[in-house]
Amino acid sequence: MKYNFDEVIERKGTNAMNTDGFREYIFHAPPTMKFPYADDEFVRMWVADMEFATPPEVIEAIKDRADKRIFGYTKVFDPEYYKAFSGWTERRYGWTFPKEHLVTSNGIIPALYELLEYSCKPDEKILILTPSYAYFKYAADYNNMETVCSDLIEKDGYYTIDFEDFEEKAKDEKVTLCIFCNPHNPSGRVWSEEELKRFGQICLDNGLLVISDEIHCDLLRTGLKHTPLAKLFPETDRIVTCMAPSKTFNMAGLMFSNIIIPDDELRAKWKARHYGFENPLSIAAAQAAYIHGEEWLRQLKIYLDGNFEFTKRYLAEHLPKAVYMVPEATYLAWVNINAYVSKDLDLPLYFANNAGVLLEGGNMFVANSDGYIRLNLACPRAMLEEGLKRICGLLNK
Ligand code: LCS
């Protein structure tokens with residue numbers, strides 16, 4: 001291995017959400033909230049960024065750009081960026097898109113907020129699959145829209161879409177848009193082509209605009225393949241695709257993501273209303289990641305595969321009544337601990353106070369998630385082992 005994923009990197013003093021923002025994000029509490037653990041005693045397995053260094057090739061590109069010394073107003077003008085990113089999607093997913101369909105945004109979440117505003121009316125509803133990344137619902141809330149949930153079906157830790165229920169809900173005339181997570185956070189499902197076709201067809205048959213959030217699409221277990229939803233429906237302009245280097249290369253703080261909008265009218269609205277400047281360091285970083293990041297990502301995935309196997313063995317031995325399956329994608333483990341806890345327990349607070357572990361779980365995932373915890377495994381193995389030890393120790397008390 002050329003890259004060292006065992007290295008423990010100090011994040012203190014970097015304004016990291018991960019180290020400094022957990023009171024606000026998880027507990028909606030002020031900085032004065034007290035715990036029996038000091039901040040640096042926590043094992044942090046919550047927000048979806050990694051404890052690994054961003055690839056050195058990306059850091060080098062940021063430094064090179066910094067050396068140019070002027071950071072004036074910047075946008076993606078150079079076609080090299082499109083070449084780098086579409087080359088990446090072509091090599092990895094056998095899919096590309098016309099250059100003019102690509103716009104960029106300071107994140108996928110801000111893009112969701114805007115896309116809903118530009119394409120929906122307040123009395124309309126959005127449809128999501130639950131459990132869900134909560135910001136899908138927040139985007140609807142922000143736009144005064146109702147969220148309709150279609151619960152996924154879980155069997156032994158494996159999630160599938162309840163197509164009958166989904167179709168029923170898609171038929172509601174007020175439901176005009178679906179935010180889809182492909183692959184899915186938090187379950188980690190990589191939807192099969194058959195599932196994607198059936199899902200996409202229901203949306204299109206019922207006139208829904210689909211936003212396919214594919215932010216986790218590079219982080220699949222080794223050997224598995226991602227299929228962009230839009231690849232299966234080349235004739236339609238009703239699927240917006242969101243992808244980003246942020247999760248893949250641990251650069252969420254650089255605030256740069258790709259939004260592919262085939263619908264001319266929606267894209268024109270975006271261009272007219274979106275504040276379209278970008279951070280020059282972020283453009284350089286993203287371009288370098290797509291050109292030079294392939295080998296780093298290959299090695300990262302091997303390390304993550306190892307962390308997932310380790311977790312599987314550890315839980316089987318120490319928490320046999322937990323339901324857990326190695327996910328097909330993401331670096332997030334979604335664990336059903338209903339056999340150990342009562343339904344109404346506030347899981348993040350319980351683990352923070354009693355085990356010194358910061359994690360997400362329960363109603364942080366909109367619906368259909370009571371008694372589940374989500375563990376971020378993108379950390380050095382020693383850190384992971386300590387986190388699992390604390391979690392299992394508490395549940396076995
Ligand atoms: N979409 C999904 C499905 C995500 O999981 C996340 C980050 C984002 C979008 C954020 O996109 P951004 O605005 O940064 O481009 N997920 C997180 C999570 O599950 N916990 O912390 C962050």
Side-chain angles (χ1 to χ4, degrees), residues 16-28 44-51 54 85 103-116 126 128-140 142 152 159 178-191 210-220 226 228-229 240-260 274 278-279 282-283 285-286 289 327-335 347-348 358-366 369 372-379:
M17 190 71 190
N18 200 319
T19 53
D20 295 9
F22 64 90
R23 286 177 178 79
E24 177 188 323
Y25 188 100
I26 308 179
F27 304 108
H28 312 290
R44 303 183 308 269
M45 308 178 85
W46 69 289
V47 70
D49 63 19
M50 308 199 265
E51 295 295 326
T54 296
F85 175 49
V103 297
T104 59
S105 160
N106 294 155
I108 289 179
I109 298 312
L112 293 181
Y113 280 51
E114 286 185 55
L115 287 165
L116 263 55
I126 72 148
I128 60 173
L129 301 172
T130 39
S132 169
Y133 178 52
Y135 275 89
F136 291 4
K137 179 175 183 300
Y138 298 160
Y142 178 80
L152 294 169
Y159 280 80
C178 175
I179 307 180
F180 181 51
C181 200
N182 174 36
H184 185 256
N185 171 16
S187 76
R189 268 306 311 280
V190 170
W191 309 112
V210 186
I211 303 177
S212 189
D213 179 345
E214 310 198 354
I215 194 169
H216 295 278
C217 68
D218 296 315
L219 294 162
L220 273 53
H226 171 71
L229 179 67
V240 175
T241 304
C242 308
M243 291 179 175
S246 53
K247 292 266 173 280
T248 314
F249 299 103
N250 207 21
M251 44 190 268
L254 292 176
M255 310 285 298
F256 187 84
S257 61
N258 304 293
I259 315 294
I260 298 149
H274 178 80
E278 297 294 351
N279 182 322
S282 306
I283 300 173
E328 295 161 322
T330 76
Y331 45 69
L332 307 163
W334 184 241
V335 189
L347 294 171
L358 297 174
L359 51 74
E360 299 189 17
N363 65 11
M364 290 179 81
F365 294 88
V366 185
S369 52
Y372 289 78
I373 50 174
R374 198 193 70 175
L375 309 177
N376 181 340
L377 305 198
C379 59

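Counting convention: from 1, in listed order, for ligands and their atoms alike. Below, all heavy atoms of this structure are taken into account, side chains as well, without hydrogens, waters or symmetry copies. In what follows, residues are counted from 1 in the order of the sequence shown.
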Tell me the residues surrounding ligand 1, counting only those with a heavy atom closer than 4.0 angstrom, sorted by chain and number.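 Residue list for ligand 1: V47, A48, G107, I108, I109, P110, Y133, C181, N185, D213, I215, H216, K247, E360, R374.
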For the residue pair Y113 and Y135, categorise the inter-ring angle as parallel (less than 30°), tilted (30 to 60°) or perpendicular (more than 60°).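 Y113 and Y135: tilted rings.
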May I have the step-by-step check of side-chain contact (heavy atoms from CB on, under 4.5 Å) for L116 and I211, ending in yes or no? CA-CA 9 Å; L116 263 55; I211 303 177; 3.9 Å; yes
M17 and W46: which non-hydrogen atoms are nearest, and at how many Å?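 Looking at all heavy atoms of both residues, the shortest contact is O-CZ2, 3.1 Å.
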Report yes if some heavy atom in the side chain of S282 is under 4.5 Å from a heavy atom in the side chain of M255; otherwise report no.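 A side-chain contact under 4.5 Å is absent here.
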Measure the CZ-CG distance between F136 and L129 for me, rounded to the nearest 0.5 Å.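 That separation rounds to 9.5 Å.
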Between W334 and N185 (side chain of the first, backbone of the second, donor and acceptor by atom type, cut-off under 3.5 Å), is there such a pair?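 Pair absent, no side-chain N/O of W334 close to backbone of N185.
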